[in-house]
Amino acid sequence: MRAPQPCGVCGAAGAAKYRCPRCAAAYCSVPCCRTHRADGWAGRAQGSPTSCSALSSPTDSPWSVDDILAEDDEQDRVPLQRLKLLGESEELRGLLLNPHLRQLLLTVDQAEDKSSLMKKYMQEPLFVEFADCCLRIVEPPEKENILPE
């Protein structure tokens, strides 16, 4: 796994845990990612006049899970095959039809302090149902722990 690089936006030494999927520029946080996209930092970081937003599509520049996870995050890694199961789940699709849940997810995605917001939302039954559904898909319960019906 790669050693953390300095952030291409704010310059924080060794803080860049993430990479832009379009141009592979390193950055350390959501605010730096937003700045990178908005201000065309990709062109400056790569020495090219092209900004990140001007590049064609995310599939043109391959990226991997290694680009977004540090070594200490290894225990949190979910195999790509299991993540793909999320998109195939009818139960999960049904939950995502709920506009209230969709708004909660958007709020978490856009929040600066995601951890405190997650703690708050984990008190909401709908959000807990969503989280439990996702966990059942990516980490199915072991068969010996399931009681016969």
Can you name the closest pair of heavy atoms from Tyr121 and Phe127 and give their distance?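 Looks like O-CB, 3.3 Å.
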If you look at every heavy atom in Cys28 and Cys7, which pair is closest and at what distance?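 Heavy atoms only, the tightest pair is N-SG, 3.5 Å.
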Which atom pairs, one a donor and one an acceptor, fall under 3.5 Å between side chains of residues 85-106 and the rest of the protein, sequence neighbours left out?
from   : atom 1 : to     : atom 2 : distance (Å)
Ser89  : OG     : Glu91  : N      : 3.4
Ser89  : OG     : Leu92  : N      : 3.1
Glu91  : OE2    : Arg136 : NH2    : 2.7
Arg93  : NE     : Gly87  : O      : 3.2
Arg93  : NH2    : Gly87  : O      : 2.5
Asn98  : OD1    : His100 : N      : 2.7
Asn98  : OD1    : Leu101 : N      : 3.3
His100 : NE2    : Glu124 : OE1    : 3.3
Arg102 : NH1    : Leu96  : O      : 3.3
Gln103 : NE2    : Thr107 : OG1    : 3.4

Measuring only between side-chain heavy atoms, which start at C-beta, is Met122 closer than 4.5 Å to Val128?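 When only atoms from C-beta onward are counted, Val128 and Met122 do touch, with a gap below 4.5 Å.
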Just grab all the salt bridge (charged side-chain N to carboxylate O under 4.0 Å, His left out) pairs involving residues 107-118, residues at least two apart or on different chains.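 Matches after skipping sequence neighbours: Arg34-Glu112.
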Might you work through the side-chain contact (heavy atoms from CB on, under 4.5 Å) test for Leu126 and Glu129, ending with a clear yes or no? CA-CA 5 Å; Leu126 179 61; Glu129 183 180 358; 4.2 Å; yes
